[in-house]
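Encoded as structure tokens, the structure appears first; notes follow it.
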Amino acid sequence: MSSRSHLDYSTLSPRRSNRVDSLIRQTPVVTLQHTVDSVADIFYNDPSLYSIAVLDPNHKPVGIVRRHDFMHLFLSRYGRELYGRKLITHFMDNSPLIIEAHLSLEEASHYVTSGSRLSPEHDFIIAEKGIYRGLGHIMDLLQAMTELQIRNARYANPLTQLPGNVPIYEYIENLLAQKVNFAVAYCDLDNFKPFNDNYGYEQGDKVIKTVAELLTANMDEQNDFVGHVGGDDFIVVMQSTDWIVRCETVLSLFATQALTFYNESDRANGGIHAFDRKGNPTFYPFLSLSIGAVMPDPEACHSHHDVAALASEAKHQAKKLNGNQLFIDRRRKPARTVAFTPPAENKKEK
Ligand SMILES: Nc1nc2c(ncn2[C@@H]2O[C@H](COP(=O)(O)OP(=O)(O)OP(=O)(O)O)[C@@H](O)[C@H]2O)c(=O)[nH]1
């Protein structure tokens, strides 16, 4: 998203498209030794320049000079004569907004909107581990955020409006690129097919929406990402330190809510009497949720395929347990790779 207009997202590298470094604009910088006169010359020679970052000898940003503020100095009588030879450090904003390049656009937007000092013509500094990388324009950020939202809507699951496969993959790739620790939970309903067959697709949709709502309500908006692969399969990518408790809360709430989807007679029986896929009469207990979770090793997992393999395996293990269960797989690197496949495609194999 480097120039952020009229871009075909399918050609973008997923790990860069929604990060702050995609907003970097290379503009002139000055050091602590620059005088007001020399900075004035830079502004004069480039009318499109709104701000100039001031760096210390280690390339760390220590301030920002804005054309708008600078103009005041020169509009005052004898301004240039009085201040021209002074160091720029006297006239810079020495607490500029500095945003790390690896952060997501959502995180950047959060910083920008929570800082009431900033207005649309203000720039922010983009740094990597505190070292200057370039300037970012607020208007670029807003435009990129709008495009991201349009794109997320395009890839959203139509039933739950949660992000689908493409944003899920991108989110994971982004975390892998940062080499940060995170957990992935693969959530899948149990006994959903007989429920659907017995109570109808519309009721089944309500169950899926309930799972979506429980996951969204119990995860941390800032640190966790809830995605809907399709059908009754959800992926949650978590950086909350208390993610295990959050998953357990979802399970316990679902255990209670699941009962509300049954009629009195089935509730009294503890489930549904129906036929299995081969036509044999079978008893199916209440709907439950299986969650298989893993903590992928960011050094050993090279793509979302590796993470998908780990999460799928954890989900299979979770499904072997009865009822609403969380299974945490201690394996952190995959033996094989698979993709998160929507259930409709899975079912053909059964
Ligand atoms: N209501 C509804 N049903 C769906 C949707 N997508 C897929 N399904 C149905 O979900 C069911 C998924 O089947 P399974 O995942 O095998 O259900 P299950 O009985 O829970 O089996 P396991 O997952 O193997 O435990 C099938 O009946 C699909 O037709 C959807 O969007 N809405």
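When a ligand or atom number is given, it counts from 1 through the structure's own listing order.
Going from atom CD1 of I52 over to atom CD1 of I88 covers 7.5 Å, rounded to the nearest 0.5 Å. Atom-to-atom distance recorded for F195:CZ and D197:CG is 11.0 Å, nearest 0.5 angstrom.
Close approach of ligand 1 to K319 (heavy-atom distance below 4.0 Å) involves ligand atoms 22 (P), 23 (O), 24 (O), 25 (O). Close approach of ligand 1 to L189 is summarised as follows: ligand atoms under 4.0 Å from at least one heavy atom of the residue are 20 (O), 23 (O), 25 (O). Under a 4.0 Å criterion applied to the non-hydrogen atoms of D190, ligand 1 contributes the atoms 20 (O), 25 (O). Listed by number with element, the atoms of ligand 1 under 4.0 angstrom from any heavy atom of G204 are 1 (N).
At a heavy-atom cutoff of 4.0 Å, ligand 1 is contacted by the backbone of N191 but not by its side chain. Neither the backbone nor the side chain of E202 comes within contact range of ligand 1; no heavy atom lies under 4.0 Å. For N196, every heavy-atom contact with ligand 1 shorter than 4.0 Å involves the side chain, none the backbone. At a heavy-atom cutoff of 4.0 Å, ligand 1 is contacted by no atom of V207, backbone or side chain.
No donor-acceptor contact under 3.5 angstrom links the side chains of Y83 and D37, judged on distance only.
Here F275 pairs with nothing under the ring-ring contact (aromatic ring centres under 6.0 Å, His included) rule; sequence neighbours left out.
Distances shorter than 4.0 angstrom occur between a heavy atom of R277 and an atom of ligand 1. Residue P194 places a heavy atom under 4.0 Å from ligand 1.
A parallel orientation is assigned to the rings of F234 and H228, their planes being inclined by less than 30° (bins at 30° and 60°).
With a 4.5 Å cut-off between side-chain heavy atoms of Ile, Leu, Val, Met, Phe, Trp and Tyr, the cluster of L55 takes in V29, I64, I98, I125, Y132, L135.
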